[in-house]
Q: 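What follows is a structure written as structure tokens; I'll ask about it next.
Throughout, a chain's letter reflects where its sequence line sits, starting with A, and its residues are numbered from 1. In this text, all values refer to a predicted model and were calculated from it rather than measured experimentally.
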Amino acid sequence: MTKKATAAKQVGARTHCIPPMPSMTPGKLAEKAWTKEMEQQIYDSWKQNKIYSFDPKTKKKIYSIDTPPPYVNTPIHIGHATTYSLMDMFARYKRMMGYEVLFPLGLDRNGLPIEMAAEKKSGKKFTMYSREEFLELCKKVLEESSAETTDSFLRLGISFNSFEQGSGVGDVYLTDSPFYRALTQATFINMWKKGLIYEAERTNNYCPGCRTTIADSEIDYKDENSLFTDVTWKIAGSSETIVIGTTRPEFLCSCEMVIYNPEDARYKHLEGKHAIVPLYGKEVPIKAHPFAQMDKGTGLVMMCAFGDYTDIRFFRDEKLTPRISIGLDGRMNDHAGAYKGLKVKEARAKVLEDLKTAGLIVAQRQITHHTPICERSKDTIEFIGMSEFYVKQMDHKDRMRELAQKLKWYAPESKQILMDWIDSVSIDWPISRRRYYATEVPLWHCKKCREPVLPSPGKYYQPWREKCPIATCPTCSGRDFEGETRVFDTWFDSSISPLYILKWGSDTAFFTKAKPCTLRPQGKEIIRTWLYYTLLKCYHLTGECIFSDTWINYHVLDEKGVKMSKSLGNVIDPHVILEKYGAEPFRLWCAVEGNITTTDLRCSFERIEGAGKTIHKLWNVAKFVAAFPEVKGKVELLETDKWIITELDTIIHAARDGYERYDFHNPSLLLRNFLWETFASHYLELVKARAYNTEGKFRLAEQNGALHTLNYALDVILRLWSPVMPMLTSRIYTELRGKDIHSEKMVEVHGKHTTTLVGSEIAELNSTIWKAKKDKGLSLKATIKELSLPEKFKTIEKDLTAAHGVEKIEWTKEFGIKIA
RNA sequence: GGGCCUAUAGUUUAGCGGUUAUAACGUCUCGCUUACACCGAGAAGGUCACCGGUUCGAAUCCGGUUGGGCCCACCA
């Protein structure tokens, strides 16, 4: 039977006043308990039969999830395992709601983490290889780790459309595949033609050791001792001197201005005068500027190109021309005059020595300061002007704010993180890098006129090793070209994932049908990068907001609330969880433990194991229900049955309401509590005697009512929980109903019954009777001679009598119990 | 240093203006009762981080302090 036919039949059947009674035979669920060993057969069959594959020709509404492609250089960590399990719940729920769900797995294989892994493995820096050799080394590292990542997701029961790599909709994709890289390059070409990308010389973080521009995210900080030196300066055309403190005296040659705070009365008379740079004799203007803080040093600051980020901003604001004195080799250049050729630290020592000789040093003291260093080579970061490509974003901040407002945020509080980031964006987005394992900038330069020449989009280009596909330069008709050697920042690749999965640029009909992408799930720490850049780039390319929803997750910490790290030894490896407990207890833990969209989750083996108890409970409830024969003949519901059906209605309503808001936490807590405390402890105990009906106290129709309701309740619990525990519920449902639970529709509220019974009152009544027996040292099977009960329980008299072994019930206002 | 988020039993959580604050895990006591000992029945355990305010009334709203998380920055 097809999925659709099964689902339709099920829905059609659920319209009578009495819920349908599925047929079943005794002796099902023979195993004593659910075990992790049962999982493999299930996920293997899912993979083999491709039951979650995506049908691009579907007539259903499309629900798409832009999954965050994990880096494959390391095995998946607990955060991946948790968030992907939750995303899988979203996907499974939406399938049951009738959507065609696009849920692909992507693997991020571009950029620095891969290069670092390759360097670590070989023990050599990338600069020590030829470009070709290094790319080969990266590929080798990647091949070893990608299979492991995919396998972990399979074992977790994640219902990706496919576990095979390919270029079709829903296939596993790699961000370094020719398909993906061709798309990345096409977006560059498209935006270049629209004038949204330009090249400019600006200051960047530069690591002299690695000889490359590096991203802010590649910077570490270290507390370093340094010498703070007060130096005497002369004022031009006057005998007056001033004293300026500095930790970077080697930058004297790059000084373009001296500033003081506008409020600083000590220096107001210097406005408009010029200071003479010691050792160089160059005159620079003195100006009031709020960057200078009166209480720091002498209150005077020499502004040089460039000591830190403030300097960079200052030069930009003041429109000063920076004369950068450090070369790409990390040594002083022509601007440094006599110090040319010295390394930065050597130059600093020599400058200090010369200042001392000239008698210009007033005071010196040791200070420590937080210094930016390269996370790889540990060299001090320098700020050097280099030519890079930029994507325009400063002109589009208002539009970005609108897009942020348009998105539906789960949780809503997370929106503020993006709004704050947009406010703080102060320069356009630099997208080029001087690295190897990344998508190449698709561009050649005409050797004659130096103008850039761009190829047509649609193919993957490697300009550093390929001939230019354009024969003549459109500007000057030159015929010789030089391939661009730079590559893209990783975010330039990852920010088109929704376009890639929806086939923008390659299947316009499908893209038009499927857009916008429904959900972007991701970590809160990459809102300012992944989410922001994706919204920006997709807006530049499509003019629209590419997502309708975004689900932002916090983090998984260790049991004490501390971030997991190798050095602390508190890492919980998902593979160990899978080996010890299997996927199902872990998945239930993911839902039950907490709400990861508002707080960090603390993880421990103990609590995952604890979650597993509910699986055992559900298995046994199912086993109990499965042990009874098929219902034949008339079904008559008693008040107890109607009561549990109304309780279930409350659960169904709350669960579906939660699921719609990506909340699987609260519904799972409700379900767990219902299963143990309401269904197993009270309903099941009350109707057990009727279900067995060994003494024939009940009519057949009444007995059928109990059996029928037991089955209905189990059905509801299984279906509501099937997105959370897909393997367990699938196994039970297949055995009891002979159908795949994941092809069924989500349960609807029954809504046909009302009751005067209150769950808490039934629980209290049962407890009181059990306690009374226990206090007398009697077995729970012991007979009660006489029970006096309030009238309100009269509707369940037959079940009460049978369940508690009561000989006579007297209806009064008071509760009383007389035991034989 | 700044912004945002967060703080409830030993642990993890529910509650988000209204009677003695929810549940689970763990702990303790008793019990093999034919779905389940991965169980059942019970018990102990909380000045709801701290200080102040609004209110007839605050775990819940507001301000501040402290601890934790994420991000940004500082470094003359």
Side-chain angles (χ1 to χ4, degrees), chain A residues 29 32-35 216 221 223-224 226 228-229 244-248 251 255 258-259 291-293 296-304 307-311 314 367-372 411 413-421 423-424 523-529 552 554-555 557 559-563 585 589 592-595 597-604 606-628 665-666 669-670 672-673 676-677 680-681 684-685 688 691-692 694 710 766-767 770-771 773-775 777-782:
Chain A
L29 302 175
K32 193 168 160 46
W34 168 263
T35 58
D216 291 351
Y221 286 88
D223 281 320
E224 275 198 336
S226 67
F228 187 79
T229 307
I244 303 176
T246 181
T247 55
R248 304 293 300 265
F251 279 150
C255 178
V258 167
I259 60 167
F291 273 6
Q293 291 174 34
K296 281 204 176 175
T298 60
L300 289 167
V301 190
M302 60 179 216
M303 301 309 290
C304 309
D308 58 47
Y309 298 100
T310 319
D311 296 340
F314 182 85
I367 59 162
T368 52
H369 72 130
H370 216 45
T371 313
E413 299 91 301
S414 296
K415 180 166 73 181
Q416 196 57 38
I417 302 175
L418 181 58
M419 297 306 286
D420 290 350
W421 172 249
D423 287 344
S424 69
K524 68 167 170 171
E525 77 288 355
I526 51 172
I527 288 178
R528 70 188 182 90
T529 47
I552 305 295
Y554 281 49
H555 299 279
L557 307 175
E559 57 195 318
K560 291 184 186 108
V562 179
K563 202 171 172 175
W589 173 86
V592 151
E593 189 63 44
N595 181 357
T597 66
T598 52
T599 44
D600 293 330
L601 243 51
R602 296 186 183 192
C603 181
S604 68
E606 196 188 32
R607 297 186 59 79
I608 293 168
E609 194 176 3
K613 291 191 172 190
T614 299
I615 289 169
H616 186 71
K617 190 73 177 177
L618 182 54
W619 181 264
N620 275 294
V621 166
K623 228 173 122 97
F624 172 76
V625 174
F628 292 99
H665 171 60
N666 288 300
L669 288 176
L670 264 177
R672 182 176 66 179
N673 202 43
W676 289 83
E677 304 304 325
S681 292
L684 210 142
E685 292 300 336
K688 205 185 258 181
Y692 282 120
T694 41
L710 282 168
N766 284 330
S767 290
W770 288 324
K771 194 161 189 276
K773 288 187 179 175
K774 196 190 163 196
D775 288 347
L778 293 170
S779 144
L780 291 180
K781 285 194 290 189

Q: Hey, could you give me the NZ/CD1 distance between A:Lys415 and A:Ile527, rounded to the nearest 0.5 Å?
A: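 Here the interatomic distance stands at 12.0 Å.
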Q: Using heavy atoms to find the nearest nucleotide of RNA chain B for A:Ser767 and A:Trp421 separately, return the residue whose nucleotide is more 5′.
A: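 Result: A:Ser767.
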Q: I want to confirm an ordering. Mapping A:Gly245 and A:Ser681 to their closest nucleotides on RNA chain B, which one lands closer to the 5' end?
A: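 Upstream on the strand: A:Ser681.
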Q: Under 4.0 Å, heavy atoms only, any strand: does A:Ala680 hit a base, just the sugar-phosphate, or nothing?
A: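 Since a base atom lies under 4.0 Å of A:Ala680, the category is base.
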Q: Between B:G15 and B:A49, how many Å separate the two P atoms, rounded to a whole number?
A: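 Comparing P positions in B:G15 and B:A49 gives a spacing of 15 Å.
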Q: Counting only distance, no hydrogens or angles, is the base of B:C70 paired donor-acceptor with the side chain of A:Lys524 under 3.5 Å?
A: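 No.
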Q: Rounded to the nearest 0.5 Å, how far apart are CG of A:Asp423 and CG of A:Leu418?
A: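 It comes to 9.5 Å.
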Q: On the nucleotide B:G40, are OP1 or OP2 found under 4.0 Å from the side-chain N or O atoms that A:Lys617 carries?
A: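 For B:G40, OP1 or OP2 has a side-chain N or O of A:Lys617 closer than 4.0 Å.
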Q: Can you tell me which nucleotide in B:G3, B:C70, B:C36 comes closest to the side chain of A:Glu525?
A: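 Looking only at heavy atoms from C-beta outward on A:Glu525, the closest nucleotide is B:C70.
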Q: Rounding to an integer number of angstrom, what distance separates B:C39 and B:U55 when you compare their C1' atoms?
A: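 Going atom to atom, C1' in each nucleotide, I get 49 Å.
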Q: Can you tell me how far the NZ atom of A:Lys613 sits from the CD1 atom of A:Ile615, to the nearest 0.5 Å?
A: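 Atom-to-atom, A:Lys613:NZ and A:Ile615:CD1 are 12.5 Å apart.
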Q: Evaluate the side-chain proximity of A:Trp676 to A:Thr614: yes if any heavy-atom separation is below 4.5 Å, no if none is.
A: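 The answer is yes; the side chains approach within 4.5 Å.
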Q: How far, in whole Å, is B:C28 from B:C72 if one measures between their P atoms?
A: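 So the two P atoms sit 47 Å from each other.
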Q: Going by heavy atoms in the side chains, are A:Ser414 and A:Thr597 under 4.5 Å from each other?
A: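 No; the side chains remain at least 4.5 Å from each other.
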Q: What's the CD1-P distance between A:Ile615 and B:A24, to the nearest Å?
A: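 My rounded result for the distance is 17 Å.
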Q: Without decimals, in angstroms, what is the distance between A:Asn595 CG and B:A24 P?
A: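 Roughly 20 Å, once rounded to whole Å.
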Q: Taking only the side-chain nitrogens and oxygens of A:His555, find out if one of them lies under 4.0 Å from OP1 or OP2 of B:G68.
A: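 So the side chain of A:His555 is outside the cut-off, no N or O lying under 4.0 Å from OP1 or OP2 of B:G68.
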Q: Side chains of A:Lys524 and A:Ile417, heavy atoms from C-beta outward: is any pair under 4.5 Å?
A: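 Sidechains of A:Ile417 and A:Lys524: in contact.
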Q: Just call it for A:Asn666: base, sugar-phosphate, or nothing, with non-hydrogen atoms closer than 4.0 Å on any strand.
A: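 A:Asn666: backbone/sugar contact only, no base atoms under 4.0 Å.
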Q: Mind calculating the distance between CG (A:Leu418) and P (B:C72) to the nearest angstrom?
A: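 From A:Leu418 CG to B:C72 P: 13 Å.
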Q: Given B:C39, B:U13, B:C71, which nucleotide is nearest the side-chain atoms of A:His665?
A: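 Nucleotide nearest to A:His665's side chain: B:U13.
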Q: Using the C1' atom as the point on both nucleotides, what is the distance between B:U6 and B:U19, in whole Å?
A: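 One C1' to the other, the span is 30 Å.
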Q: Starting from P on B:C25, measure out to CD on A:Glu606 and report it in whole angstrom.
A: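 Checked: the CD to P distance equals 11 Å.
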Q: Identify all stems in which RNA chain B takes part, counting only runs of at least 3 consecutive pairs (Watson-Crick or G-U wobble, each distance under 3.5 Å), and give each as one range with another, ordered by first number.
A: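 RNA chain B stems, ordered by first number: B:1-7 with B:66-72, B:10-12 with B:23-25, B:27-31 with B:39-43, B:49-53 with B:61-65.
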Q: Considering only the P atoms, how many Å lie between B:G10 and B:G52, rounded to the nearest integer?
A: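 That atom pair is separated by 24 Å.
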Q: With rounding to whole Å, what would you report as the distance between B:C5 and B:G63 at their P atoms?
A: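 So the two P atoms sit 11 Å from each other.
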Q: Please report the distance separating the P of B:C50 from the corresponding atom of B:C30, rounded so that it comes out in whole Å.
A: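 About 37 Å, rounded to a whole number of Å.
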Q: Donor-acceptor pair under 3.5 Å: do we get one between A:Arg602's side chain and the base of B:U11?
A: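 A donor-acceptor contact between them is absent.
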Q: Rounded to whole angstroms, how far apart are CD on A:Glu677 and P on B:C39?
A: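 Result: 12 Å.
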Q: Atom CD of A:Glu685 to atom C1' of B:G40: distance rounded to whole Å?
A: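 Taking CD of A:Glu685 and C1' of B:G40, I get 8 Å after rounding.
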Q: Side chain of A:Ile417 only, please: which of B:C4, B:C72, B:A14 is the nearest?
A: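 In terms of side-chain proximity for A:Ile417, the closest of B:C4, B:C72, B:A14 is B:C4.
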Q: Output the rounded distance in Å from CH2 (A:Trp676) to C1' (B:A41).
A: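 Taking atom C1' of B:A41 as the reference, CH2 of A:Trp676 is at 14 Å.
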Q: In whole Å, what is the span from the CD atom of A:Gln416 to the P atom of B:U6?
A: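 In whole Å, B:U6 P lies 12 Å from A:Gln416 CD.
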Q: Is it true that a side-chain atom of A:Asn620 and a backbone atom of A:His616 form a donor plus acceptor pair closer than 3.5 Å?
A: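 Flag set: sc A:Asn620 to bb A:His616 pair under 3.5 Å.
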Q: In terms of side-chain heavy atoms of A:His616, which of B:C36, B:A41, B:G26 is nearest?
A: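 Side chain of A:His616 sits closest to B:C36.
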Q: Look at the side-chain N and O atoms of A:Lys32 and state whether any lies under 4.0 Å from the OP1 or OP2 oxygen of B:C39.
A: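 Answer no for this pair, as no side-chain N or O of A:Lys32 is under 4.0 Å from OP1 or OP2.
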Q: For the CH2 atom of A:Trp34 and the CG atom of A:Leu29, what is their distance to the nearest 0.5 Å?
A: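 If I round to the nearest 0.5 Å, the distance is 10.5 Å.
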Q: Kindly indicate whether the side chain of A:His555, heavy atoms from C-beta on, has any atom under 4.5 Å from the side chain of A:Glu525.
A: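 When only atoms from C-beta onward are counted, A:Glu525 and A:His555 do touch, with a gap below 4.5 Å.
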Q: Measuring only the C1' atom in each nucleotide, how far is B:A14 from B:U8? A whole number of Å is fine.
A: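 9 Å, rounded to whole Å.
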Q: OP1 or OP2 of B:U6 versus the side-chain N and O atoms of A:Thr598: is any pair under 4.0 Å?
A: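 For B:U6, neither OP1 nor OP2 has a side-chain N or O of A:Thr598 closer than 4.0 Å.
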